[in-house]
Amino acid sequence: MAGASVPSGVAPKRLLQPGRLVLATHNKGKVREVAALLAGYGLDLVSAGELGLPEPAETETSFIGNASIKALAAARAAQLPALADDSGFSVASLDGAPGVYTADWAQQPDGSRDYQQAMAKVAALAEGHAGRLAWFSCALVLAWPDGHTESFLGEAPGIWVWPPRGPAGFGYDPMFQPEGHAETYGEMSAETKHAISHRARAFAQLAAACLRA
Ligand code: IMP
């Protein structure tokens with residue numbers, strides 16, 4: 001065959017053109033964090049919350065599955081490209097739990113979230129098992145109104161620790177020590193965490209495949 005070609009079985013990724021992009025979330029903290037990661041790509045960001053779009057139920061059993069639900073719902077409703085993320089914490093000896101249910105494990109009857117209690121539950125369940133392998137995952141799905149999607153999964157391996165260490169970060173940060181580091185996510189500076197995290201790894205994949213500065 002003459003000329004350059006894409007290796008068979010490897011589909012080219014669809015580029016995200018400069019213009020409007022919906023962030024498929026109602027969480028203002030996530031909007032700020034993602035806006036910082038996407039600065040410099042000529043994207044005009046608007047959130048699903050600002051557009052008043054409904055929040056779909058996250059009924060899948062994988063991070064990519066749930067991010068796809070959110071991204072496709074927003075892309076179809078807004079008739080614009082949309083980006084969704086779904087993330088969580090997994091412990092090997094608990095068969096990957098809490099995994100896609102990471103936020104649910106912190107849910108309280110009054111609607112608030114208690115991460116101290118959620119971390120204590122993970123530690124109590126994992127304590128009796130051999131091995132401390134754990135990881136954070138971040139799935140990113142870009143969806144277009146025609147139903148096309150591009151998916152990326154960033155993972156940060158490490159170990160779970162107990163008692164929790166460090167006041168920084170959020171969620172399960174104080175009980176996770178990433179591989180190659182002596183500090184937990186909760187003990188690291190934000191700069192260090194953001195350079196190595198599951199989220200940073202997922203965004204690096206997305207940027208390399210679908211964005212042009
Ligand atoms: P999501 O908003 O449905 O993706 O839920 C993510 C869950 O995972 C929340 O409970 C977060 O607190 C937790 N989580 C995700 N990323 C991190 C992180 O970087 N550090 C600590 N907890 C995280």
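Excluded from the calculations below are hydrogen atoms, water molecules and symmetry mates; all remaining heavy atoms, backbone and side chain alike, are included. When a ligand or atom number is given, it counts from 1 through the structure's own listing order.
In Phe136, the part holding a heavy atom less than 4.0 Å from any atom of ligand 1 is the side chain. Heavy atoms of Arg113 found under 4.0 angstrom from ligand 1: none, in either backbone or side chain.
Heavy-atom contacts of Asp173 reach the following atoms of ligand 1: 18 (C), 19 (O), 20 (N), 21 (C) (cutoff under 4.0 Å). Atoms of ligand 1 lying under 4.0 Å from any heavy atom of His198, numbered from 1 in the order shown and given with element: 16 (N), 17 (C), 18 (C), 19 (O). The distance from ligand 1 to the heavy atoms of Tyr172 drops below 4.0 Å at these ligand atoms: 21 (C), 22 (N). Which parts of ligand 1 touch Lys193 is read off a 4.0 Å heavy-atom cut-off, strictly below it: atoms 18 (C), 19 (O), 20 (N). Of all atoms in ligand 1, numbered sequentially from 1 with element shown, those under 4.0 Å from a heavy atom of Gly88 are 8 (O).
Looking at ligand 1, you won't find any N or O of Tyr185 less than 3.5 Å from one of its N or O atoms. In terms of N/O distances under 3.5 Å, ligand 1 is approached by Lys30. For a threshold of 3.5 Å applied to N or O pairs, the pair formed by Tyr115 and ligand 1 contains at least one separation below that value.
Interatomic distance, CG of Leu133 versus CD1 of Ile159, reported as 9.5 Å (0.5 Å rounding). Between Lys28 atom NZ and Leu23 atom CG the span is 14.0 Å, to the nearest 0.5 Å. With rounding to the nearest 0.5 angstrom, the CG atom of Leu21 is 6.5 Å from the CG atom of Leu38.
Taking the charged nitrogens against the carboxylate oxygens, Arg14 and Glu150 have no contact shorter than 4.0 Å, which rules out a salt bridge. Using a 4.0 Å cut-off between charged side-chain N and carboxylate O, Glu55 and Lys70 make no salt bridge. With salt bridges taken as basic N to acidic carboxylate O contacts below 4.0 Å, none links Glu183 and Lys193.
Taking atom 13 (C) of ligand 1 as the reference point, the nearest protein heavy-atom neighbour is Thr102 CG2, 3.7 Å. Counting protein heavy atoms only, atom 16 (N) of ligand 1 is closest to Arg199 NH2, 2.8 Å. Residue, atom and distance of the protein heavy atom nearest to atom 5 (O) of ligand 1 are Ser87 O, 3.6 Å. Here the heavy atom of the protein found nearest to atom 3 (O) of ligand 1 is Asp86 OD1, 3.4 Å.
Looking at Arg113, its side chain never comes within 3.5 Å of a backbone N or O of Gln107 through a donor-acceptor pair.
Classification of the Phe176-Phe89 ring pair by plane angle, with boundaries at 30° and 60°, yields perpendicular.
Shown here for Glu60 and Val100, the closest heavy-atom pair between the two residues is O-CG2, 4.4 Å.
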